[in-house]
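Data first, discussion second: the structure below is written as structure tokens.
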Amino acid sequence: GAVVSQHPSRVICKSGTSVKIECRSLDFQATTMFWYRQFPKQSLMLMATSNEGSKATYEQGVEKDKFLINHASLTLSTLTVTSAHPEDSSFYICSATTDLYEQYFGPGTRLTVT
Amino acid sequence: SQQGEEDPQALSIQEGENATMNCSYKTSINNLQWYRQNSGRGLVHLILIRSNEREKHSGRLRVTLDTSKKSSSLLITASRAADTASYFCATDYGGSNYKLTFGKGTLLTVNP
């Protein structure tokens with residue numbers, strides 16, 4: 001099946017710094033990638049939809065200047081959390097899709113901001 | 001509004017028993033999917049059922065969809081300890097936007 005990787009799997013950063021999370025589709029070209037956020041014991045909340053070569057579409061309430069998304073190629077999307085604060089600590093999961101019927105999810109990145 | 005509300009929120013059963021999880025949603029959908037998530041991991045796609053389908057099987061999994069009641073159920077038969085995970089339903093509306101809306105999930109614990 002289609003494989004999606006995320007890097008890093010865990011990251012700890014200090015408040016005020018920026019963190020970049022990579023999402024790669026390893027064996028297919030993803031026309032669309034999605035970024036989700038998940039708080040402990042809660043569901044996934046869609047943050048933004050990213051299409052290769054175009055600006056990401058953010059969900060209501062998600063600050064686009066804080067969560068910068070770049071989808072530079074059909075196999076790579078990055079999420080940069082700028083000026084991170086403790087409340088940004090969360091589990092970030094990306095997914096990638098080709099035909100939009102099925103999303104293939106990455107293993108997630110655990111971000112802890114101290 | 002939040003689509004895909006699962007119940008129960010938590011379910012604990014013994015190995016070998018069947019586990020049934022339910023999902024309800026509020027507006028018309030195109031597809032409904034079930035995913036599994038082990039603690040601290042990504043999601044694994046289990047099964048997709050389209051709005052014009054009523055039942056689907058995959059191994060020990062059986063999914064039903066009742067569009068008149070806007071609900072779906074996931075049945076895992078002959079459960080195993082390895083089935084312990086959180087299970088989420090997710091809906092999409094089709095068209096040009098296939099965004100998935102996830103429910104809150106059911107935490108299934110299968111005791112050996």
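Below, chain A is the first sequence line, B the second, and so on; all start at residue 1. Model, not experiment: these values are computed from the prediction.
Surrounding CD of Q9(B) are at most 12 heavy atoms belonging to other residues, nucleotides or ligands under 6.0 Å away. The number of heavy atoms from other shown groups lying within 6.0 Å of NE2 (H7(A)) does not exceed 12. No more than 12 heavy atoms of other residues, nucleotides or ligands shown are found within 6.0 angstrom of CD1 on I12(A). Other residues, nucleotides and ligands place more than 12 heavy atoms under 6.0 Å from the CZ atom of R60(B). More than 12 heavy atoms of other residues, nucleotides or ligands lie within 6.0 Å of NZ in K66(A), so this atom counts as buried by the packing criterion. In the displayed structure, R10(A) atom CZ is contacted under 6.0 Å by at most 12 heavy atoms of other residues, nucleotides or ligands.
Between the side chains of Q103(A) and Q33(B), no donor-acceptor pair is found at a separation under 3.5 Å.
Interface remark: Q37(B) contributes side-chain atoms only to the contact with chain A (heavy atom separation under 4.5 Å). With a threshold of 4.5 angstrom between heavy atoms, L107(B) does not approach chain A through any atom at all. Interface remark: Q38(A) contributes side-chain atoms only to the contact with chain B (heavy atom separation under 4.5 Å).
The cluster map of Ile, Leu, Val, Met, Phe, Trp and Tyr, joined by side-chain heavy atoms under 4.5 Å apart, puts V11(A) and W35(A) in the same cluster.
Contacts with chain B were tallied for G108(A), P107(A), P40(A); P107(A) has the most, counting heavy-atom pairs under 4.5 Å. Ranking V44(B), L100(B), N38(B) against chain A, the residue ahead of the rest is L100(B), based on heavy-atom pairs under 4.5 Å.
Residues G40(B) and R110(A) approach most closely at CA-NH2, 4.1 Å, considering heavy atoms.
With rounding to the nearest 0.5 Å, the separation of OH in Y36(A) from CG in L43(B) is 9.0 Å. Atom-to-atom distance recorded for T57(A):OG1 and K99(B):NZ is 8.0 Å, nearest 0.5 angstrom.
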